[in-house]
Amino acid sequence: MIGWFRRVWENDPRKDPNAVVYFLLAIFAVLFPLFASVVTGGSPNFLLSVAGDAGVYVLLTLGLNVVVGMAGLLDLGYAAFFAIGAYTYAFIASDHLAVTPLQTTLHVPFWIVLLIALFVAASFGVILGAPTLRLRGDYLAIVTLGFGEIVPRVFKNTSTWTSGVNGISALDTPELPIWFKGPWSGDPLAVVQNFKIFDPLGYYVIMVVLLVICVVLVRNLQNSRMGRAWAAIREDEVAAAAMGVNTVQAKLLAFAIGAAFSGFAGTFYGAKLSLVSPENFGFSVSITVLVMVVLGGMGNIPGVMLGSLLIYLVIFMVLPSLPDTVTSIANAIGLTGLTQASGDFPGIGEFAARLKFLIFGLILVLVMLLRPQGLLPSREREQELTKGTHDDTIIEDVQAETG
Amino acid sequence: MQTASGPASDAAILRLDHVTKRFGGLVAVNDVTFDVRKGEVFALIGPNGAGKTTLFNGVTGLIPPTSGSVVFEGREIAGTKPFKVAELGIARTFQNIRLFEYMSAVENILVGEHCRMHAKLWDSLFKLPRERREEKEVTDHAMELLRFVGIERWAHSYARNLPYGGQRRLEIARALATRPRLLLLDEPAAGFTPQEKVELMRLVGKILDSGVTVFLIEHDMKVVMGISKRIVVLDHGEMIAHGTPEEVRRNPRVIEAYLGKQH
């Protein structure tokens, strides 16, 4: 760790913003519980819970980044795999199967379901991908869009199995087989078995560990044989095939890995909420995750993590509290008249509530105008969008000369 | 000189037999038969639109021929998928350079190494020792190839930022990274200065010496006549001549195709 830090420092951190962002994210993740408990005056549970939910989006973004950012496949139905992961947990880790035609219950431990959901979601990725990945660009986007719509509807309408719109509730709480109690939890030092994780801090820790593992794995993959094959397919599929890359297989793998992450995230989400319902996996989830990838910087792992955290903050924290915020600001600067409804004007709080998504849209448009390559882009994307067309014209001139 | 198919040579590395490619009503390549022998430089020439690149696409599986057979090292490959063809040992370059523009030169070559690597998904995910070893080996090999074609100073530049000649060379190096036994070059000297053409001919000689058979499309007669052992001439999809450079040069049909009918 220290060696790594020294290496980064000696290589001049300004040259590698990624290393700096990784470092800051790590520090942030470690200090966040402390920070949360200080700002809330000792009751950090709400903030930690929100952070755990944000982590779900970071996980989703990491997965979609493999599909969209690395392999260049536009997937508009990513939430489908998220739903599949969550429902997998709901089926095999609750009493729910008793009310289905199966008449039995399964209680598979959370940790094992993580792996099962990973494979289930990946399998669905392959099933969807196999017939559709021969399609290119726009066509693939439409097919995945359809899949994203179909999956939640299937969960909604097969109510004998899924309880339809009511969803499945009372999912198992994750357990640790062995855990240590001690002064840090206000208990005498002891070993406990089958420790149930209710504490938001517990979920937060699980999420951070999952994220660290996932980031390491995806990074390894990006700098490997397969990562280069994906980049090649993104750049020029025909040339990649001619160089011996099995493009269908590589795209299928990207799709499956993306789906696997989503399944992972779904399991965590289901366990933490202890409830799954078809309403939670709509099109808006797919689009939100896509926005996070694009805005953060397609193809760049710390970039998309940063993007997902910031977008999450805006959508789930800043925008919902906007009416209250503007009302209190208006009060503070003495414009109390603005807070009252008069005529067609509903009062500034309500006004802000109505404009929420307009404001969100404006933020997105502004970011894309100011930083079209994303907040922290990959080197490639940065070049694509910032390097002038000068080199191109030279090459074209030469080609024009030679006919 | 022979215009029909000659006797099958044991040394044939690639053999085209009555290959035809139709695009709707257009016959782009019509009943072409010839063979490329192991260890030679074989050239395919002809006016624009003669069907030369179509023939290359047919051999490499990008656009399979309508009929006829393509036999590589005794194995029928017509209709085989492009990546399989590359795995079997045929690599190619493109007429209008198709590099991975936003990958560095060395990464471009590493993509070429892809089909000779053994790393499985798990090896890469967990960076197992054998994966690291293989990565180091192929990276070293890629640097070697960059030196071989003479562009090592741009190893870490984006492919698109290389000078034009460097890009053509990088395409050759990327193709060589697939460790082919037959290399298809589609107009490798297009846009080159006379000096660069001489260097290219030297490079083709080096490739040949390393045991790779070279099959090329080229417009520049100096280059073609200087390095090829045998030549096939296509015109409007038809094979109009086949033989040594000397024979082809004197062939009246070739002169007609290139210069028009004499009145």
Side-chain angles (χ1 to χ4, degrees), chain A residues 72 122 213-214 216-250 253-254 256-257 260 299 377-385 387-392 394-403, chain B residues 48 57 60-62 81-88 90-94 96-104 107-108 110-121 123-127 131 134-135 138 158-165 167 171 174-175 177-178 187 189-192 219:
Chain A
I213 293 172
C214 289
V216 170
L217 294 185
V218 181
R219 251 178 65 94
N220 284 347
L221 212 51
Q222 189 164 26
N223 304 318
S224 77
R225 173 176 184 254
M226 199 40 78
R228 286 188 300 264
W230 288 334
I233 289 170
R234 192 186 61 211
E235 296 274 327
D236 186 336
E237 201 172 329
V238 171
M243 289 308 121
V245 174
N246 186 344
T247 50
V248 173
Q249 194 194 53
L253 192 66
I257 289 175
S378 62
R379 294 183 305 148
E380 295 82 10
R381 189 79 38 189
E382 176 119 50
Q383 288 268 327
E384 266 169 57
L385 287 153
K387 278 280 145 72
T389 48
H390 184 65
D391 300 342
D392 274 338
I394 291 173
I395 293 166
E396 272 161 19
D397 287 348
V398 174
Q399 278 168 345
E401 275 168 31
T402 60
Chain B
N48 284 328
N57 287 342
T60 51
L62 289 179
K81 290 228 158 33
F83 80 91
K84 267 279 176 226
V85 173
E87 271 176 19
L88 287 172
I90 301 179
R92 71 171 291 176
T93 64
F94 293 89
N96 28 9
I97 304 171
R98 298 188 80 147
L99 287 166
F100 307 120
E101 293 194 351
Y102 294 98
M103 295 169 81
S104 70
E107 281 170 334
N108 265 271
L110 287 174
V111 173
E113 304 271 355
H114 179 91
C115 64
R116 301 292 170 234
M117 292 175 71
H118 305 288
K120 295 276 177 293
L121 183 60
D123 303 339
S124 303
L125 273 174
F126 300 106
K127 282 268 165 222
E131 200 264 1
E134 188 180 59
E135 283 287 316
V138 293
Y158 281 113
R160 75 187 301 257
N161 294 341
L162 261 59
Y164 178 76
Q167 296 195 3
E171 255 210 325
R174 184 180 67 175
T178 66
E187 296 197 24
F192 274 15
H219 271 305

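Labels below follow one simple rule: chain letters A, B, ... track the order of the sequence lines, proteins then strands, and each chain is numbered from 1.
In this structure a side-chain-to-backbone donor-acceptor pair under 3.5 Å is present from A:E235 to B:Y102.
Residues B:S124 and A:N220 approach most closely at O-CB, 3.1 Å, considering heavy atoms. Residues A:M243 and B:A86 approach most closely at C-CB, 4.0 Å, considering heavy atoms. Shown here for A:R225 and B:H114, the closest heavy-atom pair between the two residues is NE-O, 3.0 Å. A pairwise comparison of heavy atoms in A:A232 and B:M103 identifies N-SD, 3.9 Å as the closest pair.
Between chain B and the options A:N246, A:I257, A:L217, the largest number of non-hydrogen pairs under 4.5 Å is found for A:N246. Of all the listed residues (B:E107, B:R98, B:E131), the one sharing the greatest number of non-hydrogen pairs under 4.5 Å with chain A is B:R98. Highest contact tally toward chain A, considering only B:E113, B:H219, B:R174, B:E187, is held by B:R174 [criterion: heavy-atom pairs under 4.5 Å].
Within the 4.5 Å cutoff, no side-chain heavy atoms of B:L99 are placed close to those of A:D236.
Of the two parts of B:V111, the backbone and the side chain both hold a non-hydrogen atom closer than 4.5 Å to a non-hydrogen atom of chain A. Proximity to chain A (any heavy atom under 4.5 Å) is shown, for B:L110, by both the backbone and the side chain. Of the two parts of B:E134, neither the backbone nor the side chain holds a non-hydrogen atom closer than 4.5 Å to a non-hydrogen atom of chain A. Using a 4.5 Å cut-off between heavy atoms, B:T60 does not touch chain A at all.
For B:K127, the NZ atom is densely surrounded, since the number of other residues' heavy atoms within 6.0 Å is greater than 12. Remark: A:R219 CZ is loosely packed, at most 12 non-hydrogen atoms of other residues, nucleotides or ligands lying under 6.0 Å away.
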